[in-house]
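Just follow the structure's listing: the first ligand is 1, and inside any ligand the first atom is 1.
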Amino acid sequence: MKIIRTIKDMQTFRHDHITKRIGFVPTMGYLHDGHTSLMTQAADDNDLVIASIFVNPLQFGPDEDYDQYPRDEKRDLNIAKKHGVDVLFLPNVKQMYPNNMAVQMTINDRVDVLCGRSRPGHFDGVLTVLTKLFNIIQPHQVYFGLKDAQQVAIVTALIQDLNFPMTLKGLPTVREQDGLAKSSRNVYLSPDEREEAVWLYRSLLHGIDLMSAGQKDAKIITQSVAQMITEHTKGTIDYVEILSFPQLKSMSRIDESAIIAVAVQYKQARLIDNVLLHPDGELIRMFEYKH
Ligand code: AMP
């Protein structure tokens, strides 16, 4: 596995492999099975896999955990190497943002809901860094986890609206044995919180059950999901929402594909989880958008 730290070297590498089909997996590191599932799929689909690790300051709010975000480069190198990554791009902040940026991305739609509402500016930061990375790496296919479903919806809009010639693949959420979605931030849960956190997923399964039984009223389902979370954890609910996907429009009656999404704030970690469903309650495991 080749390690590249500068934009210039990354562009030279890409130029030297101009005929290859490139799969790209952007990450913030502290790799776990959710990340490696994207890498393995990218290796299956493409000639070369490029992954990046960059904790992007632009996407963290002033009171968020940029400084505390877990980092372990040595461990990440080993994991990436074992999961089909050919090139690991590890730029530092000075490489990515050498000056104050005169031009940045702003998203106007799909953002006043879910995490976009609770984390103002977060998705603008995500889109700015991804636009830079897509331009530097020029991948054919990009891989994202559906755990961050709003990110998938927003990157789909980026590819569509700004004509990036690439395919986005949204892959299933990888979970711990008890159902908790894997996340780099899970290390910040106390033992009690870790036990309770399984109720995020259990409450989503309860939402699926309601839909499968024919319930179409989004409010009844969100209330019931929220009640289950409240009864079983001391974390504070940030949101429980049902929206269309990937447009992220609110719906009172569920008659098209929908996402049930939850976010719960614990002492030192904010956890998110979701399920994507057909209107009859059948699970949608993968999402693909081809430009
Ligand atoms: P992050 O390092 O948290 O920015 O995540 C990098 C990529 O890995 C994003 O596309 C995430 O959606 C994806 N990812 C994170 N956790 C999981 C998970 N549990 N299952 C699947 N994909 C994930």
Side-chain angles (χ1 to χ4, degrees), residues 23-43 49-60 64-66 68-73 75-77 79-80 83-85 88-91 96 114-115 119 122-123 125-130 132-134 137 139 141-156 158-159 166-189 194 197-198 200-201 204 245-246 259 261-263 269-276 283-289:
F24 174 46
V25 182
T27 83
M28 296 203 300
Y30 213 68
L31 302 177
H32 53 66
D33 296 352
H35 300 112
T36 58
S37 72
L38 307 180
M39 293 166 177
T40 308
Q41 184 66 48
V49 177
I50 301 176
S52 63
I53 297 180
F54 179 62
V55 184
N56 173 33
L58 278 196
Q59 71 189 66
F60 287 78
E64 291 185 356
D65 56 350
Y66 175 71
Q68 283 81 38
Y69 197 84
R71 294 162 170 91
D72 190 339
E73 185 177 299
R75 176 177 163 276
D76 284 349
L77 297 191
I79 295 176
H83 290 88
V85 175
L88 193 58
F89 182 43
L90 295 165
M96 291 299 279
L114 308 176
C115 295
R119 303 183 68 187
H122 168 68
F123 286 112
V126 169
L127 287 183
T128 299
V129 78
L130 287 177
K132 286 174 72 82
L133 291 169
F134 289 175
I137 291 167
Q141 311 212 74
V142 292
Y143 294 81
F144 290 88
L146 282 172
K147 165 161 180 286
D148 299 286
Q150 188 170 20
Q151 177 165 270
V152 169
I154 282 176
V155 180
T156 298
L158 172 73
I159 291 172
M166 52 187 68
T167 297
L168 175 150
K169 291 197 175 173
L171 301 187
T173 300
V174 176
R175 300 179 178 283
E176 304 287 353
Q177 268 193 345
D178 64 1
L180 175 66
K182 296 220 178 199
S183 164
S184 309
R185 290 185 168 102
N186 289 349
V187 292
Y188 291 125
L189 296 171
R194 171 62 189 84
V198 68
L200 271 75
Y201 184 52
L204 291 170
F245 192 87
I259 180 170
V262 301
R270 181 175 170 282
L271 301 189
I272 59 172
D273 202 349
N274 70 80
V275 286
L276 273 187
L283 214 58
I284 301 172
R285 286 180 48 78
M286 311 263 275
F287 175 81
E288 186 168 316
Y289 178 76

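- Protein heavy atom in closest approach to atom 4 (O) of ligand 1: M28 CG, 3.6 Å.
- L276 is not listed as a side-chain neighbour of L283, based on a closest heavy-atom distance of 4.5 Å or more.
- Those atoms of ligand 1 with a heavy atom of T27 less than 4.0 angstrom away are 2 (O), 6 (C).
- Rounding to the nearest 0.5 Å gives a distance of 10.5 Å between CD1 of I50 and CG of L88.
- Figure legend: R71 and Y66 shown as a cation-pi pair, the cationic atom lying under 6.0 angstrom from the six-membered ring centre and within 45 degrees of its axis.
- Among protein heavy atoms, atom 3 (O) of ligand 1 sits closest to Y69 OH, 3.8 Å.
- Between V174 and ligand 1, at least one N/O pair is under 3.5 Å apart.
- With a heavy-atom cut-off of 4.0 Å, S183 does not touch ligand 1 at all.
- Residue P26 approaches ligand 1 through these ligand atoms, each under 4.0 Å from one of its heavy atoms: 6 (C), 7 (C).
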Task: Stepwise side-chain contact (heavy atoms from CB on, under 4.5 Å) check, Y143 with V49 - done: CA-CA 10 Å; Y143 294 81; V49 177; over 6 Å; no

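- Against a heavy-atom cut-off of under 4.0 Å, L38 is close to the following atoms of ligand 1: 7 (C), 8 (O), 10 (O), 13 (C).
- For the atom pair CD of Q59 and CD of E64, the computed distance is 9.0 Å after rounding to the nearest 0.5 Å.
- Taking the ring centre of Y30 as origin, the terminal cationic atom of R75 falls inside the region bounded by 6.0 Å and 45° from the ring axis.
- Closest protein heavy atom to atom 10 (O) of ligand 1: G145 N, 2.9 Å.
- Between K147 and ligand 1, a contact under 3.5 Å exists for no N or O pair.
- Y201 carries R175 over the face of its six-membered ring, with the cationic atom under 6.0 Å from the centre and within 45° of the normal.
- Taking CD of E176 as the reference point, atom CZ of R194 lies at 5.5 Å (rounded to 0.5 Å).
- In terms of protein heavy-atom proximity, atom 1 (P) of ligand 1 is nearest to H35 NE2, 3.7 Å.
- Distance CE/M166 to CD/Q141: 10.5 Å, rounded to 0.5 Å.
- With a 4.0 Å cut-off on non-hydrogen atoms, P172 touches ligand 1 through its backbone and not its side chain.
- Near K182, meaning under 4.0 Å from any of its heavy atoms, are these atoms of ligand 1: 16 (N), 17 (C), 18 (C), 19 (N).
- Close approach of ligand 1 to F144 is summarised as follows: ligand atoms under 4.0 Å from at least one heavy atom of the residue are 10 (O).
- At a heavy-atom distance under 4.0 Å, no atom of L171 approaches ligand 1.
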- [ ] Give the C-alpha distance, both sets of side-chain angles, the deciding distance and a yes or no for side-chain contact (heavy atoms from CB on, under 4.5 Å) between N186 and L180.
- [x] CA-CA 9 Å; N186 289 349; L180 175 66; 3.5 Å; yes

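- In H32, the part holding a heavy atom less than 4.0 Å from any atom of ligand 1 is the side chain.
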TODO: Could you check F245 against F287 for ring pair (Phe, Tyr, Trp, His ring centres under 6.0 Å), going step by step and ending with a plain yes or no?
DONE: CA-CA 10 Å; F245 192 87; F287 175 81; 5.3 Å; yes

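- By the 3.5 Å distance cut-off applied to N or O atoms, Y143 is not counted among the residues near ligand 1.
- Of the protein's non-hydrogen atoms, D148 OD2, 3.0 Å is the one closest to atom 11 (C) of ligand 1.
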